[in-house]
Number of protein chains: 2
Amino acid sequence: MSRQMVRPGGRSARVQAAVHTAVRELASEVGRDALTVPLVARRAGVTPSTIYRRWGDLQELLSDVAVERLRPDTAPGDHGALYADLAAWAEQFLDEMASPTGRSYIRDALLGDPDGSNAGQCSAYAAEQLGIVLSRAAGRGDDTPDVETVMDRVVAPLMYRILFRPDGLDAPYAHRLVAEVLGRTGP
Amino acid sequence: MSRQMVRPGGRSARVQAAVHTAVRELASEVGRDALTVPLVARRAGVTPSTIYRRWGDLQELLSDVAVERLRPDTAPGDHGALYADLAAWAEQFLDEMASPTGRSYIRDALLGDPDGSNAGQCSAYAAEQLGIVLSRAAGRGDDTPDVETVMDRVVAPLMYRILFRPDGLDAPYAHRLVAEVLGRTGP
DNA sequence: GGCTAAACGCAAACTCATTGCGTTTAGTGC
DNA sequence: GCACTAAACGCAATGAGTTTGCGTTTAGCC
């Protein structure tokens with residue numbers, strides 16, 4: 001469960017923001033594996049017990065921060081055609097997720113996540129982006145697959161390889177998945 | 001890295017077996033989240049320092065045990081036809097992996113795994129099983145997709161949903177994936 | 001403005017992780 | 001077989017991280 005809906009204003013909000021900022025800063029300074037709760041607490045100007053009470057443990061905190069970082073910050077670009085839109089989106093998705101930091105965020109999001117809501121949020125982000133691309137194509141009069149199909153045929157293979165097979169992942173592979181789900185053999 | 005190739009005989013082997021057994025027993029008794037290195041060490045009749053020196057930390061130990069548990073213990077069944085073989089394999093795969101304990105094992109295998117070799121091993125297990133099924137079908141004269149295609153079209157979507165979308169996962173979905181990769185609309 | 005419960009800080013007590021050192025033992029060569 | 005070497009282990013001390021009780025602050029709400 002995300003810890004956002006607890007006393008959204010005032011001190012609680014300041015503490016949450018300070019802790020999240022501390023996690024991001026320290027992760028880039030000392031590395032993600034060197035993070036500890038007392039370290040984050042000192043940087044955020046809080047006591048460790050505050051973090052333990054609100055987030056439970058370090059993994060749940062990192063999971064919260066990871067989901068925040070995995071949220072797309074821009075709408076998918078419009079390149080005039082469905083194939084171009086999907087190919088560009090898949091390429092960007094791959095770039096962000098397959099990088100070492102991206103993998104760390106995915107692992108963290110999957111980890112401290114007892115009920116699976118954080119992981120589900122990541123999936124919802126991708127589905128939302130794909131929904132924009134596909135409805136735009138439908139507005140152009142194109143015959144489009146539905147979001148579920150693209151999730152199964154493009155997102156899932158990319159994520160599976162990111163997590164289980166770090167090799168053989170490149171832009172051509174992503175393009176091929178897009179071409180296949182659109183029923184083409186090439187762009 | 002798996003810690004199997006260290007002094008395969010005598011005391012070292014006994015310690016390794018005792019520790020692995022202790023992990024499995026305690027995981028089913030007190031739950032996976034309640035496992036600690038000292039707890040496992042006491043059950044196994046060893047000292048915590050032994051575990052720390054050999055496995056590094058709890059996550060790497062759990063990752064080792066998880067990979068061992070995720071290894072298929074039987075060859076995929078022969079049902080006389082490719083669709084039946086693949087459908088049965090996918091259903092069993094789903095049953096084992098989507099259960100709470102299966103999810104825990106997957107998470108553990110992905111986790112304490114700095115170089116990704118344990119996760120890669122899990123993927124290799126699935127590919128190996130699929131290779132048996134597909135080559136058997138080829139021996140019958142069937143026109144079969146290759147292993148990579150089945151990994152992308154069946155295994156990846158199943159695993160993606162197991163990890164990111166715990167809902168909407170059932171045998172009919174697995175059967176549909178198999179039917180689609182075989183170019184059919186049904187069995 | 002006052003009330004209530006959540007959120008926080010402080011500090012003690014506890015568990016876990018780490019490491020040096022001596023002992024046991026598996027593997028190897030004679 | 002017997003000695004030798006280095007890996008593996010046990011023990012114990014040390015340091016770091018985690019948990020919890022209690023008093024204080026404060027956000028949300030009459």
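Values reported hereafter were calculated over all heavy atoms of this structure, with side chains retained and with hydrogens, waters and symmetry mates removed. We name chains A, B, ... by the order of the sequence lines, and we start the count at 1 in each one.
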Which nucleotide in D:dA8, C:dG9, D:dC11 has an atom nearest any side-chain atom of B:R53: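 Closest nucleotide among those given: D:dC11.
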Heavy-atom contacts under 4.0 Å between residues 38-46 of chain A and DNA chain C, which residues?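 Output list: A:G45, A:V46.
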For the pair made of [atom1] in [X] and [atom2] in [N], what is the distance, rounded to whole Å?
| X | N | atom1 | atom2 | answer |
| --- | --- | --- | --- | --- |
| A:Q16 | D:dA27 | CD | P | 15 Å |
| A:I51 | C:dG9 | CD1 | P | 9 Å |
| A:R14 | C:dA7 | CZ | P | 15 Å |

Could you tell me whether the side chain of B:R54 has a donor or acceptor atom within less than 3.5 Å of a complementary atom in the base of D:dG10?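 Flag unset: no donor-acceptor pair detected.
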Check if the side chain of B:S49 and the base of D:dC9 share a donor-acceptor pair of N or O atoms closer than 3.5 Å.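 Donor-acceptor pair under 3.5 Å: no.
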Tell me, please, which residues at least two apart from A:T47 pass side chain to side chain donor-acceptor pair (under 3.5 Å).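 Scan of A:T47 (side chain to side chain donor-acceptor pair (under 3.5 Å), adjacent residues dropped) gives A:S49, A:T50.
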Test side chain to side chain donor-acceptor pair (under 3.5 Å) applied to A:E148 - qualifying residues, sequence neighbours left out: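 So A:E148 forms a side chain to side chain donor-acceptor pair (under 3.5 Å) with B:R161, B:R165.
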Got a sec, which residues hit salt bridge (charged side-chain N to carboxylate O under 4.0 Å, His left out) with A:R32, two or more places apart in sequence or on another chain? A:D108
Could you go through B:T149 and B:D152, starting from their C-alpha distance and side-chain angles, then the distance that decides it, and tell me whether this counts as side-chain hydrogen bond (donor to acceptor under 3.5 Å, both in side chains)? CA-CA 5 Å; B:T149 302; B:D152 283 348; over 6 Å; no
Between B:Q121 and B:R71, does any side-chain donor sit less than 3.5 Å from a side-chain acceptor? no
Output the residues of residues 22-35 of chain B in contact with DNA chain D, where contact means a heavy atom of the residue under 4.0 Å from an atom of the strand; sort by number or write none. none
Sequence neighbours excluded, every pair satisfying ring pair (Phe, Tyr, Trp, His ring centres under 6.0 Å) that has a member inside residues 132-163 of chain B: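 For residues 132-163 of chain B, and leaving out neighbouring residues, the ring pair (Phe, Tyr, Trp, His ring centres under 6.0 Å) pairs sorted by first residue read B:Y160-B:F164.
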Just call it for A:T36: base, sugar-phosphate, or nothing, with non-hydrogen atoms closer than 4.0 Å on any strand.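 Sugar-phosphate contact only.
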For the residue pair A:V154 and A:P157, what are the closest heavy atoms and their distance?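 Taking A:V154 first and A:P157 second, the nearest heavy atoms are O-CD, 3.3 Å.
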Output yes when a side-chain donor or acceptor of A:S117 lies under 3.5 Å from a complementary backbone atom of A:D113, and no otherwise.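 No, A:S117 side chain to A:D113 backbone: no donor-acceptor pair under 3.5 Å.
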Is the backbone N or O of B:L26 less than 3.5 Å from a side-chain atom of B:R43, with the two atoms forming a donor-acceptor pair by type? no
Under 4.0 angstrom between A:T50 side-chain N/O and C:dC8 OP1 or OP2: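 Answer no for this pair, as no side-chain N or O of A:T50 is under 4.0 Å from OP1 or OP2.
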Take A:D57 and B:V15, find for each the nucleotide of DNA chain D with the closest heavy atom, and name the residue whose nucleotide sits nearer the 5' end. B:V15
